[in-house]
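Numbering of residues begins at 1 and proceeds along the displayed sequence. What you see is a predicted model, and the numbers here were worked out from it, not measured in a lab. In what follows, every heavy atom counts, from backbone to side chain, and hydrogens, waters and symmetry copies are set aside.
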Amino acid sequence: RIAVILTSGTSFSGYTGAITAYGADSAQANSDGAAGTIYRKTASQSYGDLIIDNNNLSAASYVTTDLNGTTATGTTIGSLIMRNNGSFQVGSDDTLTISGNGTAVLANSASTLTNNGIVTIGGTGATFRAGSAFAHGSASTVNYVGQSNDADVLIASGAYVNVAFNNPGTNFKLYSKQPVVNIRGILTITGGTLTTTNAQTLSLSGSWINNGGSFSAGTGTVRFWKGPVATKTLKETSPFNNLTISGSSTISLASNLDVNGNFLLSAGTLDASASNYNINVAGNWKKVAAATFTRILCRPLIPTRCATPD
């Protein structure tokens, strides 16, 4: 591990040498070396840049640099740069916060970031170039928090588990070239706007909870899909474009539901019985026989609560 911290100066551009820390392609089986870490911080940075570069020496799956492979740790850096078969892993008991401005994560070809814990991404988001990967463990969480000037944030492609967005005034944009965005856990919006940038399908296996932000649906589709959780919460006051509920789970409404396009209830249960929430569908409502819609109990003095669309 190499750390270079400047006590004066705002750039490393005047340095013409090389700073390297990488393993080797060993002739002995299962003994290839992983990349070391290079940490560079100028006098003007609150947190420096962490570089993971294995110089293309080994592409073996076991060649991984751990944030801390021994004990739980919480670390804050300014940016994360991975390249040349660099593989970096955040453990299940670790927290990594990337808090700088601009591109917070840059993964060049043949590099991998694996998150098994909690990763918080500031700045304008994460860029994973062709051939790189953003992998997510079964209980992992990614928080997107943007930066202070509310610049647009790019959401990296990948299959997330839990993902959250929080920065009032910030646009969090889904990656336009990813037609289906899979989220296997809980999606939470606390501040800012989650924005679809194409006719994407956002496929969710957990709850959708909006506690103060908004959702810009564009021409996309949100689909609640089967998952390990029997009952999921849907709380979103912004309108969906198209909405599909499928799988064997129960979707419990925690707010009014507004669909500007079509609503399909193809399997599972939509439960609106917890309160007198309104469901507005501008397009077609379709419920197949295998699905269930649970409304609020009929009250004779309020007949509108007894209506059940088929």
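Side-chain polar atoms of Thr170 and Asp150 form a donor-acceptor pair below 3.5 angstrom. Asn198 and Lys177 share no side-chain donor-acceptor pair at under 3.5 Å. Residues Arg184 and Ser205 bring no donor and acceptor atom of their side chains to less than 3.5 Å of each other. Side chains of Asp271 and Thr269: no donor on one and acceptor on the other come within 3.5 Å.
Rounded to the nearest 0.5 angstrom, Ile98 CD1 and Thr103 OG1 are separated by 11.5 Å. For the atom pair CZ of Phe128 and CZ of Phe134, the computed distance is 5.0 Å after rounding to the nearest 0.5 Å. Distance check, rounded to the nearest 0.5 Å: CD1 of Ile52 to CG of Asn84 gives 12.0 Å. Distance OG/Ser216 to CG/Leu174: 10.0 Å, rounded to 0.5 Å. Atom-to-atom distance recorded for Ser214:OG and Phe172:CZ is 10.0 Å, nearest 0.5 angstrom. The structure places CG of Asn85 at 11.5 Å from CG of Asn108, a figure rounded to the nearest 0.5 Å.
Residue Trp208 is grouped with residue Leu265 when hydrophobic side chains (ILVMFWY) are merged at heavy-atom distances under 4.5 angstrom, including chains of intermediate members. Two different hydrophobic clusters hold Leu106 and Val153 under the rule that ILVMFWY side chains link at heavy-atom gaps under 4.5 Å. Linking Ile, Leu, Val, Met, Phe, Trp and Tyr whenever their side-chain heavy atoms come within less than 4.5 Å leaves Val180 and Val163 in two separate clusters. Linking ILVMFWY side-chain heavy atoms closer than 4.5 Å, directly or via other members, places Leu67 and Val119 in a single hydrophobic cluster. Residues Leu204 and Leu253 share a single hydrophobic cluster, defined by chaining ILVMFWY side chains whose heavy atoms lie under 4.5 Å apart.
Under the side chain to side chain donor-acceptor pair (under 3.5 Å) criterion, Ser252 pairs with no residue, sequence neighbours left out. For the ring-ring contact (aromatic ring centres under 6.0 Å, His included) test, no residue two or more places apart in sequence or in another chain qualifies with Tyr47. Residues that satisfy the side chain to side chain donor-acceptor pair (under 3.5 Å) test with Asn143, not counting sequence neighbours, are Thr120.
Contact check for Leu257 versus Leu243: side-chain heavy atoms found under the 4.5 Å cut-off. Using a 4.5 Å heavy-atom cutoff, the side chains of Ser207 and Lys232 are in contact. Contact annotation: the side chain of Lys286 approaches that of Val288 to within less than 4.5 Å [non-hydrogen atoms, C-beta and beyond]. In this structure the side chain of His136 never reaches within 4.5 angstrom of the side chain of Asn162, judged on heavy atoms. In this structure, Arg129 and Ser109 have side chains that are not in contact, with every pair of non-hydrogen atoms separated by 4.5 Å or more. Side-chain contact between Glu236 and Ile189 is present, with at least one heavy-atom pair separated by less than 4.5 Å. Two residues are said to be in side-chain contact when any heavy atoms from C-beta on lie closer than 4.5 Å; Phe165 and Ile155 meet this criterion.
The aromatic rings of Phe215 and Phe240 sit tilted relative to each other, their planes meeting at an angle between 30° and 60°. Relative orientation of the Phe293 and Trp285 rings is perpendicular, given thresholds of 30° and 60° on the angle between their planes.
Under the side-chain contact (heavy atoms from CB on, under 4.5 Å) test applied with Phe263, the options Ile245, Thr244, Asn280 reduce to a single match, Ile245.
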| request: Report the C-alpha separation of Leu96 and Ile77 in whole Å, then their side-chain angles, then the decisive distance to 0.1 Å, and conclude whether the side chain to side chain contact (heavy atoms under 4.5 Å, CB included) test is met. | output: CA-CA 8 Å; Leu96 176 64; Ile77 58 176; 4.1 Å; yes
| Pair Asn241-Thr219, side chain to side chain donor-acceptor pair (under 3.5 Å): steps then yes or no | CA-CA 6 Å; Asn241 182 46; Thr219 57; 5.5 Å; no
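When all heavy atoms are compared, the tightest approach of Asn171 to Asp152 is CB-OD1, 3.2 Å. When every heavy atom of Ala156 is checked against every heavy atom of Gln178, the shortest pair comes out as O-OE1, 4.4 Å. Smallest separation of non-hydrogen atoms from Ala126 and Ile121: CB-CD1, 4.4 Å. Shortest non-hydrogen contact noted between Gly122 and Ala104 is O-CB, 3.3 Å. Minimum interatomic distance between Thr64 and Ser87 (heavy atoms only, all atoms of both residues): OG1-OG, 3.4 Å. Of all non-hydrogen atoms in Arg40 and Gln45, the two that sit nearest each other are O-OE1, 3.8 Å.
Here Ile209 is tied into one hydrophobic group with Ile186, each link being a pair of ILVMFWY side chains closer than 4.5 Å. Residue Leu6 is found in a hydrophobic cluster whose other members, listed by chain and number, are Ile2, Val4, Phe12, Tyr15, Ile19, Ile38, Ile51, Ile81; membership requires side-chain heavy atoms under 4.5 Å apart, directly or through intermediates. Taking Ile, Leu, Val, Met, Phe, Trp and Tyr as hydrophobic and joining them when side-chain heavy atoms fall under 4.5 Å apart, one finds Leu154 in a cluster with Tyr175.
Under a 3.5 Å cut-off, the side chain of Asn262 and the backbone N or O of Asn284 do form a donor-acceptor pair. Between the side chain of Asn55 and the backbone N or O of Leu57, no donor-acceptor pair lies under 3.5 Å. Not one N or O on the side chain of Gln147 forms a donor-acceptor pair closer than 3.5 Å with the backbone of Asn149. No donor-acceptor distance shorter than 3.5 angstrom exists from the side chain of Asn116 to the backbone of Ser92, with no hydrogens or angles considered. Although no hydrogens or angles enter the test, the distance criterion places no donor-acceptor pair under 3.5 Å between the side chain of Asn166 and the main chain of Val145.
Around atom NZ of Lys173, no more than 12 heavy atoms belonging to other residues, nucleotides or ligands sit under 6.0 Å away.
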